[in-house]
Amino acid sequence: MKQAQKGLFISFEGIDGAGKSTHIQALADAFKASGRAVTLTREPGGTALAEKLRQMVLNDPMDALTESLLVFAARRDHLKTVILPSLNSGQVVICDRFTDATFAYQGGGREFDLTTLTQLERWVQSVDGVFREPDLTLWFVLDPRIAAERLVSARVPDRFESQSAQFFDKVHQAYMKRALEAPQRFAQIDASQSKEAVWTQLIDVIRNKKWLNT
Ligand code: TMP
């Protein structure tokens, strides 16, 4: 009998403009080509409720605690109704941002209290007594100044994209802190390289874990 496949939870992280988007789709395609079912999703968002919360977080003025509560509320709904059911049915869940983004943007960028964020993380991500987090986090590392240049002509900036270089320096430092705290979960991708070279780094990480059948 064919053995049931274990679900895999992979998140993508990085400052705005680091170039995650095209690679997220390409990784989903690579898993599908190797015969895996894939759920491609994002945060804040991924459910009808969480997408409504996303619009508020990205567009409406609010303080850092409100922002943190809304992204964690969205995360709870997303985790319970999309991520966990998909993992339990053996799928690969690829998520554009997860809790590291909260530590980076609210904790780093907005300088919101990390102890409170840690409490919210434990609370929101514990389901039936089990703490859930990504199996792997692909962190796209890019100098905030280069990321800002890439973003200039890209689109109308939201509440985060319009922040200063200093804000993104703090976001970057906070990602670095999270990566150092969980080296077994984080893989750093040098996002300053060409699209092809970035993809090679990324797919090598996945192959080294023997997660692809091809
Ligand atoms: P995106 O444009 O990459 O989809 O991300 C939406 C924005 O939301 C991005 O600027 C980062 C921000 N964000 C937070 O501030 N906190 C969070 O917890 C998440 C998931 C995203």
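Source: prediction; values computed, not measured.
Interatomic distance, CG of Leu120 versus CZ of Phe112, reported as 7.0 Å (0.5 Å rounding). For the atom pair OG1 of Thr39 and CZ of Phe9, the computed distance is 11.0 Å after rounding to the nearest 0.5 Å. Taking CD1 of Ile206 as the start and CG of Leu136 as the end, the distance is 5.0 Å to the nearest 0.5 Å. Rounding to the nearest 0.5 Å places CG of Leu40 at 11.0 Å from OG of Ser86. Atom CG of Leu79 and atom CZ of Phe72 lie 11.0 Å apart (nearest 0.5 Å). Rounding to the nearest 0.5 angstrom, the gap separating the CD1 atom in Ile83 from the NZ atom in Lys80 is 13.0 Å.
Tyr105 pairs with exactly one of Val57, Asp100, Val71, Val171 by the side chain to side chain contact (heavy atoms under 4.5 Å, CB included) rule, that one being Val171.
Both tests pass for Arg122 against the ring of Phe131: distance under 6.0 Å to the centre and angle within 45° of the axis. Judged by the 6.0 Å and 45° rule, Arg178 forms no cation-pi pair with Phe186.
Not counting sequence neighbours, the partners of Glu51 by the side-chain contact (heavy atoms from CB on, under 4.5 Å) test are Arg42, Arg54.
Residues Tyr175 and Phe103 keep their aromatic ring centres 6.0 Å or farther apart.
Between Glu43 and Arg97, the shortest heavy-atom contact is CB-O, 3.4 Å. Across every non-hydrogen atom of Arg150 and Ala191, the tightest pair is NH2-O, 3.0 Å. For the pair Ala30 and Ile203, the tightest heavy-atom approach, listed with the atom from each and the gap, is CB-CD1, 4.2 Å. In plain terms, the two heavy atoms of Val156 and Glu161 that are nearest each other are O-OE1, 3.8 Å. Scanning all heavy atoms of the two residues, the minimum distance from Leu117 to Ser68 falls at CD2-OG, 3.7 Å.
Ionic pairing of Arg145 and Glu149 is not present here: no N-O contact between side-chain nitrogen and carboxylate oxygen is shorter than 4.0 angstrom.
For the residue pair Gln201 and Gln193, a side-chain donor N or O sits within less than 3.5 Å of a side-chain acceptor on the partner. Side-chain contact annotation: Arg132 with Ser126, donor-acceptor N/O pair under 3.5 Å absent. Looking at Thr47 and Thr81, their side chains never bring a donor and an acceptor atom within 3.5 Å of each other. Defined by atom type and a distance below 3.5 Å, a donor-acceptor pair is present between the side-chain atoms of Gln125 and Thr99. At a cut-off of 3.5 Å, with distance as the only test, no side-chain donor of Asp169 or Gln173 sits close to an acceptor on the other residue.
In the hydrophobic clustering (ILVMFWY side chains linked at under 4.5 Å, chained through shared members), Leu142 is joined by Ile146.
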